[in-house]
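Ligands are counted one by one from 1 in listed order, and the atoms in each one are counted from 1 as well.
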Amino acid sequence: MSDIRFDGRVAIVTGAGAGLGRSYALEFAKRGAKVVVNDLGGSRDGSGASHRAADVVVDEIKALGGQAVANYDSVATVAGGEGIVKTAVDAFGKVDILVNNAGILRDKSFSKMAEDEWDLVISVHLRGAFCVTKPAFNVMRENQYGRIVCTTSGAGLYGNFGQANYSAAKMGLVGLMNTLNIEGAKYNIKTNTIAPLAGSRLTEDVFPPDVFTKLKPEFVMPIVLFLASEANQDSGMIFNCAAGWYSRTAVVCAKGVIIGDGKRPVKPEEIQDNWNVIKGLDEAKPLGSATESFNYVMPLLK
Ligand code: NAI
């Protein structure tokens with residue numbers, strides 16, 4: 001087992017003033033990275049702002065002998081994203097690692113969800129990832145090296161009552177990763193996504209107290225550190241992680257069925273007759289790009 005080190009590497013962790021982000025930032029710094037600790041310092045629902053959250057983590061890192069700078073921009077604006085990346089470049093000369101982690105919640109059952117609750121959650125999680133990743137990606141591209149870790153959620157991958165806005169935003173991050181995986185390939189930029197479970201401000205009233213204390217952010221940290229390291233050569237993958245459980249999860253495409261010859265019309269009754277095979281997920285596997293799905297259709301296009 002070789003040591004995972006980040007000497008000479010520069011890492012940005014968004015939302016690093018608390019919870020999961022804080023535990024990543026501390027460990028990156030302990031292992032030699034120079035860290036930008038970004039945090040808007042607002043409340044759980046996205047309101048307010050304060051320098052305190054980021055400053056406390058920077059102080060913790062410095063007290064341990066590490067190197068870090070604070071950034072207080074919101075990820076949700078283009079200016080904020082550029083400001084975060086500029087902080088890294090001005091202080092440390094480059095960006096090697098980006099962890100898109102900042103997040104808020106505005107839970108409401110779908111029929112009661114207001115437009116602002118939808119917009120704010122989409123803007124922090126999904127637009128936020130665009131705003132920070134674009135300038136970071138361009139620096140990484142120039143340096144021919146990058147590791148990006150996005151944060152999705154079981155709510156997006158599998159659904160969760162009261163979180164339509166959050167689920168949609170979090171699944172959007174999977175789409176972003178899929179294409180960054182393809183566009184980053186020739187620049188040695190690897191993008192992966194985690195779906196964590198951890199006790200934090202976001203989940204303090206979600207998990208029962210005994211479960212909350214057991215789901216320590218420190219159990220999510222190791223897979224983020226590995227994915228962000230030079231040792232990781234994989235890209236475009238999603239990983240569940242919680243309390244010592246690490247598992248890949250994926251959007252998959254099944255073999256399905258071929259009906260007809262690609263020329264004659266297919267009837268709804270034929271779909272009905274083949275329904276168990278169509279929904280059956282036989283030989284399901286993840287695809288590397290949308291183009292790969294053409295392989296299944298090709299026999300019908302001849
Ligand atoms: P947390 O609330 O402890 O940390 C999130 C941090 O993001 C906060 O410090 C907050 O100030 C910061 N933040 C919020 N909006 C921001 C903005 N616009 N710009 C910059 N910083 C901002 O929550 P936690 O649990 O550590 O969440 C981290 C990520 O993990 C989030 O993306 C969350 O959706 C995701 N996640 C967490 C799960 C869990 O079980 N804790 C489950 C699935 C996903």
Considering only protein heavy atoms, which is closest to [atom], and at what distance to one decimal place?
atom                    : value
atom 6 (C) of ligand 1  : G15 O, 3.5 Å
atom 18 (N) of ligand 1 : S74 OG, 3.0 Å
atom 31 (C) of ligand 1 : N101 O, 3.0 Å
atom 43 (C) of ligand 1 : P196 O, 3.3 Å
atom 14 (C) of ligand 1 : G103 O, 3.4 Å
atom 34 (O) of ligand 1 : Y166 OH, 2.6 Å

Please determine, by modelled atom types, if [X] and [Y] share a side-chain donor-acceptor pair under 3.5 angstrom.
X    : Y    : answer
Y158 : S153 : no
Y72  : D55  : yes
N100 : T133 : yes

Return yes when [X] approaches ligand 1 closer than 4.0 angstrom through a heavy atom, no otherwise.
X    : result
G128 : no
A53  : no
D73  : yes
R22  : no
G46  : no

Taking [atom] as the point of reference, which of [options] owns the nearest heavy atom?
atom                    : options               : result
atom 16 (C) of ligand 1 : I194, L40, V220, L173 : L40
atom 11 (O) of ligand 1 : V206, D39, I84, V132  : D39
atom 27 (O) of ligand 1 : L202, T203, V124      : L202
atom 41 (N) of ligand 1 : A198, A16, A102, A242 : A198

Counting only nitrogen or oxygen atoms and a 3.5 angstrom limit, does [X] reach ligand 1?
X    : answer
S153 : no
V75  : yes
L20  : yes
F207 : no

*Measure from NZ or CZ of R9 to the centre of the six-membered ring of Y145 and say whether it is under 6.0 Å with the direction within 45° of the ring axis.*
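Relative to the ring axis of Y145, which defines the angle, R9 lies inside both limits.
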
Go through ligand 1 atom by atom and flag the ones less than 4.0 Å from a non-hydrogen atom of [X].
X    : answer
T151 : 29 (C), 30 (O), 35 (C)
G19  : 3 (O), 26 (O)
I104 : 14 (C), 15 (N)
R201 : 2 (O), 3 (O), 8 (C), 10 (C), 11 (O)
N38  : 20 (C), 21 (N)
L197 : 40 (O)

If you count heavy atoms of other groups shown closer than 6.0 angstrom to [atom1] of [X], is the number above 12?
X    : atom1 : result
Q144 : CD    : yes
F294 : CZ    : no
R201 : CZ    : yes
K94  : NZ    : yes
Y246 : OH    : yes

Are [X] and [Y] connected, step by step, through hydrophobic side chains (Ile, Leu, Val, Met, Phe, Trp, Tyr) whose heavy atoms are closer than 4.5 Å?
X    : Y    : value
F226 : M237 : yes
I12  : L180 : yes
V139 : I189 : yes
V36  : L40  : no

*Atom CE in M221, atom SG in C241: separation rounded to 0.5 Å?*
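Answer for the CE-SG pair, M221 versus C241, is 11.5 Å.
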
Between [X] and ligand 1, which residue portion shows a heavy-atom distance shorter than 4.0 Å: side chain, backbone, both, or neither?
X    : answer
T152 : backbone
S200 : side chain
H125 : side chain

*For the residue pair N192 and C150, establish whether any side-chain heavy-atom pair is separated by less than 4.5 Å.*
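They are not in side-chain contact.
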
*How are the rings of F6 and F28 set relative to one another: parallel (under 30°), tilted (30 to 60°) or perpendicular (over 60°)?*
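Plane angle over 60°, so perpendicular.
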
